[in-house]
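Only one structure is covered here, and it is reproduced in the block below.
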Amino acid sequence: MGLKYTNYFDNSQYTSPDTQILTCKGCSSHLCLSNLILSDNFSGSSGKALLVEQLINVDIDPVTEDTSMRTGLYKINKVKCQQCKKIVGWRYKKSYSYSESYKEGKFVIEKSYISMSK
């Protein structure tokens with residue numbers, strides 16, 4: 001059976017030879033493009049993670065959780081792949097620290113749950 005969800009970014013975003021496609025390791029759904037990575041210096045529960053501007057083909061859990069992390073306390077929503085329903089990361093809804101507020105509205109995806117390809 002093929003992919004049920006087939007959202008893609010605008011074609012012009014795929015044209016750069018340096019752009020890689022970040023896909024779900026479980027089902028190969030497109031999640032993000034490498035040019036939307038804001039930082040590769042993040043950590044998740046499974047290890048290294050990426051802070052990204054935008055994701056597609058994901059469901060954002062409507063339940064907001066208060067979560068304590070190394071850099072402070074945040075309100076987050078877990079993010080699941082729309083196709084296979086595996087958790088791939090989270091979205092920062094709110095930071096309780098002004099210096100960390102740049103994360104609000106951004107996503108973290110854990111490297112162990114994604115693949116990168118051209």
Side-chain angles (χ1 to χ4, degrees):
M1 186 176 190
L3 292 176
K4 195 158 106 179
Y5 298 97
T6 55
N7 292 321
Y8 298 99
F9 290 97
D10 182 280
N11 283 342
S12 65
Q13 291 185 283
Y14 291 94
T15 58
S16 172
D18 298 328
T19 299
Q20 291 185 302
I21 302 167
L22 285 68
T23 59
C24 174
K25 219 176 226 180
C27 67
S28 299
S29 288
H30 287 201
L31 299 175
C32 189
L33 297 176
S34 59
N35 61 342
L36 297 172
I37 297 172
L38 301 172
S39 175
D40 61 359
N41 194 25
F42 276 69
S43 297
S45 60
S46 65
K48 295 185 181 223
L50 305 168
L51 180 69
V52 300
E53 183 74 33
Q54 180 184 3
L55 292 176
I56 58 172
N57 299 317
V58 294
D59 289 325
I60 300 171
D61 191 327
V63 176
T64 301
E65 304 173 11
D66 280 333
T67 303
S68 182
M69 299 183 184
R70 282 190 270 174
T71 56
L73 183 63
Y74 301 90
K75 283 191 178 292
I76 66 162
N77 302 87
K78 291 185 178 170
V79 175
K80 295 179 185 177
C81 173
Q82 229 173 19
Q83 175 74 19
C84 67
K85 305 299 182 199
K86 294 189 178 176
I87 293 175
V88 294
W90 66 88
R91 178 186 67 139
Y92 287 108
K93 186 169 184 174
K94 177 172 177 39
S95 169
Y96 288 100
S97 169
Y98 177 76
S99 65
E100 299 295 318
S101 63
Y102 72 94
K103 297 175 184 175
E104 292 176 3
K106 309 289 189 301
F107 298 88
V108 171
I109 51 176
E110 300 194 44
K111 285 186 169 184
S112 63
Y113 304 135
I114 62 169
S115 297
M116 293 179 85
S117 62
K118 286 269 182 192

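Scope of the values below: all heavy atoms of this structure, side chains included, with no hydrogens, waters or symmetry mates.
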| Can you get from Leu51 to Trp90 by hopping between Ile, Leu, Val, Met, Phe, Trp and Tyr side chains that sit under 4.5 Å apart? | yes

| query | Would Leu33 end up clustered with Leu55 when hydrophobic side chains under 4.5 Å apart are linked, directly or stepwise? | reply | no

| said: Per the salt bridge (Lys or Arg N to Asp or Glu O under 4.0 Å) rule, what does the pair list look like for residues 24-50, sequence neighbours excluded? | reply: none

| Is the shortest heavy-atom distance from the side chain of Lys106 to the side chain of Glu53 under 4.5 Å? | yes

| task | Take atom NZ of Lys80 as the centre, draw a 6.0 Å sphere, and report whether it contains more than 12 heavy atoms from other residues, nucleotides or ligands. | result | no

| task | List in chain and number order the residues that pass side chain to side chain donor-acceptor pair (under 3.5 Å) with Ser97, two or more places apart in sequence or in another chain; answer none if no residue qualifies. | result | Ser99

| task | Following the transitive rule for hydrophobic clusters with a side-chain heavy-atom cut-off under 4.5 Å over Ile, Leu, Val, Met, Phe, Trp and Tyr, establish whether Tyr113 and Ile37 coincide in one cluster. | result | yes

| task | Starting from the C-alpha separation in whole Å, work towards a yes-or-no answer on side chain to side chain contact (heavy atoms under 4.5 Å, CB included) for Ile109 and Val58. | result | CA-CA 11 Å; Ile109 51 176; Val58 294; over 6 Å; no

| said: Nearest 0.5 angstrom please: Ile21 CD1 to His30 NE2, how far? | reply: 4.0 Å

Using atom types as modelled, flag every donor-acceptor pair under 3.5 Å from a side chain in residues 62-69 to any protein atom, sequence neighbours excluded.
unit_1: Thr64; atom_1: OG1; unit_2: Asn77; atom_2: ND2; d: 3.1
unit_1: Asp66; atom_1: OD1; unit_2: Lys75; atom_2: NZ; d: 3.3
unit_1: Asp66; atom_1: OD1; unit_2: Tyr96; atom_2: OH; d: 3.2

| query | Could you give all pairs that pass the ring-ring contact (aromatic ring centres under 6.0 Å, His included) test and reach residues 32-62, with sequence neighbours left out? | reply | none

| query | How far apart are the closest heavy atoms of Ser43 and Ala49, and which atoms are they? | reply | C-CB, 4.0 Å

| request: Test Phe107 against every option in Leu38, Ile60, Leu31 by the side chain to side chain contact (heavy atoms under 4.5 Å, CB included) rule and name the one that passes. | output: Ile60

| task | Please assess Lys85 against Asp59 for the test salt bridge (Lys or Arg N to Asp or Glu O under 4.0 Å), listing each intermediate value before the final yes or no. | result | CA-CA 8 Å; Lys85 305 299 182 199; Asp59 289 325; 3.1 Å; yes

| message | The criterion is side chain to side chain donor-acceptor pair (under 3.5 Å); which residues satisfy it with Ser39, sequence neighbours excluded? | response | none

| task | For residues Gly47 and Glu110, report the shortest heavy-atom separation together with the two atoms involved. | result | N-OE1, 4.1 Å

| Verify same cluster id: Val79, Met116 (apolar side-chain graph, 4.5 Å) | yes

| What is the minimum heavy-atom distance between Leu22 and Ser34, and which atoms define it? | CD1-N, 3.6 Å

| task | Name all residues meeting the side chain to side chain donor-acceptor pair (under 3.5 Å) criterion together with Glu100; count only those two or more places apart in sequence or in a different chain, and write none if there are none. | result | Tyr74, Lys103

| field | Spacing of NZ belonging to Lys86 relative to SG belonging to Cys81, to within rounding of 0.5 Å | value | 9.0 Å

| request: Indicate yes or no for a side-chain donor-acceptor contact from Asn57 to the backbone of Gln82 under 3.5 Å, with no hydrogens or angles considered. | output: no

| Mind checking whether Ile114 and Val108 sit in one hydrophobic cluster, side chains of I, L, V, M, F, W, Y counted as touching below 4.5 Å? | no

| request: For Gln83 and Cys27, indicate whether the former's side chain and the latter's backbone hold a donor-acceptor pair under 3.5 Å. | output: no

